Each structure stands twice: as C-alpha cells, then as structure tokens.
Amino acid sequence: MSIPIKQADKVRVSGVVLVDKPQGMTSQQVVSKVKYLFKSPRHDSKKAGHTGTLDPMATGLLPICMGEATKFSHYQLDADKSYQATVLLGRQTDTGDADGQIIEQSPIPAFDDALLDKIAQQFLGAQQQIPPMYSALKKDGKKLYEYARAGVEVERPPRNIVIKAIDIKKIDNEQIQLTVTCTKGTYVRVLGEDIAKAMGTLGHLTTLRRTQVGKFSIDDAITLSALEAMTLTNREEQLMPVDACIGIDATLLLTSEQCTRIHMGQRLNVSDQLTSDLKEYISEKVNEQLLQDKDEDHKEPQIEHEIPIDIRLINEEGEFLGLGAISLNGRLQPKKLIQR
C-alpha cells in the first residue's frame, strides 16, 4: 500500500523560468501551465506568478517566478522592457490591436524611413501616456476592460513613462515596424496609435513581441511546447536561481549567529562589517532616494544616515539568504528572507 506524501513533505519548486509566450494565451494561462508542468507527487509548484502581463495577442518573453522567487518578482515588474511590433496603418480598432473591431478608417499619406526617423525622435524621452480602456487597470475596483465591454468610457489619468530607445522602419505602404525600449507602464498599443496619428493617419498593432525584461533576454527563453516535451528533471534545469530577478550587486556576509538572529526577525548592528565599497554603495543609493523625495513634494524629509537601502544577504557558505535593509548608521533589518 502506497503512503501519500503530505503537502509539508513536498519539495517546493523555487526559481525563475523564462518562457516564450505563444500567441492566443493569457499570461495567467501560461503561469497555470508552467505550474502544472513542474508539479509531481513530490513537488509543490502551487506558488507562481509572472513579472508583467502580455496581452493574449502578444508573444515573447514572460519571466515566471516560482516558490521563493515570487518574493523578488517586483524587481522585474519595475524593470525596463523591449518590444518589437508591427503597426497596420489606415485603420483604428477599439482595442488598439488586431483582436479588436475596426471603428475608424483613414487614408495613408506617403512616407519613407527619413520621415519615420523624424517621428521617432518626437517620441523619445520622458512623456505622459493615457492608458487604453482595454486594459487591466482598475477604476473603483473594476477593470477598465469591463467598462469598455459595457460601452462605458471612464476618465484615465495620464501616466509618466520614458521611451529610452525607439526605431521605426517602413515595411510597405501600409505597415511599419516599431522597436522600442521603455519603462514600466508603457502601452505599446497606445504608442503605435500615437505614431500613426503623428504620420497623419490611424493605426493598430497586428503583432507584438517582447524581447527583453530587465537583464532577461528572449534568446534565453523556452517555448511551452519544448518545456512540456522535457522530463521533470530537465525542466528543473531550466530554473534560474531564486534571486535571478534581483538587480542588486551589493552583498553582506553574515555570521551563523547573525543568520539565526535575522531569521528571528531581529535587527542587527553591522557597522563594523561595512567596507568602504559598501558605504559608497549605500551613500549613492541614499542620494538617489533623497533626489526622488525632493521631486515628490508630499514626502516627509528623511534623516540621511537612517534611510534604509536594500542589500543582498549571504551566509558563510555563500548561500543567498534574502534581502535586508541597511542604513549608513550600520543598522540592518530583515526585509525578505527565503525559506529553505
């Protein structure tokens, strides 16, 4: 008679897997599929999430965090992202992409790459963008696309975005290719519509592919079909470490006694362990925080030597413990620690 394995005895699947999302699936459906593929009688893969939604029409890079890695997924949510899109000119849809219904048409003026280069320069840099009605943003607890489907348009405040790199090329007399690197919260569908308007016409996306998220590249991603064809052991080899999403190089080594104390939630005084490099790193991040606070008038001024800065924590064996918040005064407090 076989004895069922208790949930507590299962090994929690933890790490980051880079998936090349197929067209037609929602991001959440991809997450559910990956959870299923890492599941076994001995493995618990229930906890997982992605680091930034891709529309069902879109393809490309979708980093999925599993287990303990979900604690650090926000570092990639906040990261810059790169896309390649095709814009069909002359027609506008209600969704801004090919999944929507055509609501308006317009003649397409003659254009060439020289004109497109000039237009690209207009969209480079910091700007504001009004989110589309067909989006998952919420208004009064209800998603915008739910209002849109009911034929209701609600006011959306503009969002601050930065287009860090942009290239527009002519495909033919009706289509252009858009390659862009942008900050979080940028809607490429809206960008495509705005570029078409700057050309004197209308437009909507017919393809959208994400190629980069922070330091992650589509070149390192795996398709769902390839992942499904693997054995569970081979799938586990696709997992990157739990700290793969963290874009922090600064590291503090803790003694075994300090590890015990910090896992109990205690704050530590580590002023004696602050090297000149660490002090320089903390000071640099503190100055960035002070500048940011200065731009946000509503924020209370902070005391410089008490401002907490995120830092990686490792033990004497070099194992990653999680993140702590450290100040110039040497005070370290636990922030997000992993469970082994």
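These numbers were taken from a predicted model, which means no experiment stands behind them.
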Tell me, do [X] and [Y] make a side-chain contact under 4.5 Å, heavy atoms counted?
{"X": "Ile166", "Y": "Ile195", "answer": "yes"}
{"X": "Thr51", "Y": "Cys65", "answer": "yes"}
{"X": "Leu54", "Y": "Tyr83", "answer": "yes"}
{"X": "His50", "Y": "Val30", "answer": "no"}
{"X": "Ser45", "Y": "Met66", "answer": "yes"}
{"X": "Leu337", "Y": "His263", "answer": "yes"}
{"X": "Arg159", "Y": "Tyr187", "answer": "yes"}
{"X": "Arg210", "Y": "Lys81", "answer": "yes"}

So, the side chain of [X] versus the backbone of [Y]: is there a donor-acceptor pair under 3.5 Å, distance only?
{"X": "Ser283", "Y": "Glu280", "result": "no"}
{"X": "Asp20", "Y": "Pro22", "result": "no"}
{"X": "His204", "Y": "Arg91", "result": "yes"}
{"X": "Gln29", "Y": "Thr26", "result": "yes"}
{"X": "Asn315", "Y": "Gly318", "result": "yes"}
{"X": "Glu68", "Y": "Gln339", "result": "yes"}
{"X": "Arg235", "Y": "Met230", "result": "yes"}
{"X": "Asp94", "Y": "Gly100", "result": "no"}
{"X": "Lys71", "Y": "Gly67", "result": "no"}

Query raised in the report: Is there a side-chain contact (heavy atoms from CB on, under 4.5 Å) between Lys184 and Gln76 once you walk through the steps?
Result: CA-CA 9 Å; Lys184 69 168 184 175; Gln76 293 307 305; over 6 Å; no
Measure the spacing between [atom1] of [X] and [atom2] of [Y] and express it to the nearest 0.5 Å.
{"X": "Gln333", "Y": "Ile262", "atom1": "CD", "atom2": "CD1", "answer": "9.0 Å"}
{"X": "Thr59", "Y": "Gln84", "atom1": "OG1", "atom2": "CD", "answer": "9.5 Å"}
{"X": "Leu224", "Y": "Lys21", "atom1": "CG", "atom2": "NZ", "answer": "9.5 Å"}
{"X": "Gln92", "Y": "Lys197", "atom1": "CD", "atom2": "NZ", "answer": "5.5 Å"}
{"X": "Gln175", "Y": "Gln177", "atom1": "CD", "atom2": "CD", "answer": "10.0 Å"}
{"X": "Phe38", "Y": "Asp44", "atom1": "CZ", "atom2": "CG", "answer": "13.0 Å"}

Worksheet item: Under the side-chain contact (heavy atoms from CB on, under 4.5 Å) criterion, do Met240 and Val17 qualify, and how do the steps go?
Response: CA-CA 6 Å; Met240 302 169 75; Val17 59; over 6 Å; no
Check this for me: [X], atom [atom1], are more than 12 non-hydrogen atoms of other residues, nucleotides or ligands nearer than 6.0 Å?
{"X": "Lys164", "atom1": "NZ", "answer": "no"}
{"X": "Gln128", "atom1": "CD", "answer": "yes"}
{"X": "Glu317", "atom1": "CD", "answer": "yes"}
{"X": "Asp249", "atom1": "CG", "answer": "no"}
{"X": "Arg331", "atom1": "CZ", "answer": "no"}
{"X": "Lys215", "atom1": "NZ", "answer": "yes"}
{"X": "Gln266", "atom1": "CD", "answer": "yes"}
{"X": "Lys39", "atom1": "NZ", "answer": "no"}

| query | Run the side chain to side chain donor-acceptor pair (under 3.5 Å) check on Ser271 and Asn269 step by step: do they pass? | reply | CA-CA 6 Å; Ser271 53; Asn269 186 337; 2.9 Å; yes
Between [X] and [Y]: side-chain donor-acceptor atoms closer than 3.5 Å:
{"X": "Thr223", "Y": "Ser225", "answer": "yes"}
{"X": "Ser217", "Y": "Asp220", "answer": "no"}
{"X": "Asp310", "Y": "Tyr75", "answer": "yes"}
{"X": "Thr95", "Y": "Asp97", "answer": "yes"}

Tell me whether [X] shares a hydrophobic cluster with [Y], the cluster being built from Ile, Leu, Val, Met, Phe, Trp, Tyr side chains joined at under 4.5 Å.
{"X": "Leu89", "Y": "Ile171", "answer": "no"}
{"X": "Ile246", "Y": "Leu61", "answer": "no"}
{"X": "Leu202", "Y": "Leu208", "answer": "no"}
{"X": "Val16", "Y": "Val242", "answer": "no"}
{"X": "Ile119", "Y": "Leu88", "answer": "no"}

Taking every non-hydrogen atom, the tightest pair across [X] and [Y]:
{"X": "Gln129", "Y": "Leu191", "value": "NE2-N, 3.8 Å"}
{"X": "Val162", "Y": "Thr183", "value": "N-OG1, 2.9 Å"}
{"X": "Leu274", "Y": "Gly330", "value": "CD1-CA, 4.0 Å"}
{"X": "Gln258", "Y": "Leu253", "value": "OE1-O, 4.3 Å"}
{"X": "Pro107", "Y": "Thr201", "value": "O-OG1, 3.0 Å"}
{"X": "Val34", "Y": "Leu227", "value": "CG2-CD2, 4.3 Å"}

| task | Begin with the C-alpha distance, continue with both residues' side-chain angles, and end with the deciding distance and a verdict on side-chain contact (heavy atoms from CB on, under 4.5 Å) for Leu254 and Ile314. | result | CA-CA 6 Å; Leu254 301 182; Ile314 60 171; over 6 Å; no
side-chain contact (heavy atoms from CB on, under 4.5 Å) evaluation trace for Lys170 with Leu116: CA-CA 8 Å; Lys170 181 176 182 177; Leu116 295 178; 4.0 Å; yes
With sequence neighbours left out, the residues meeting ring-ring contact (aromatic ring centres under 6.0 Å, His included) with Phe320 are Phe72
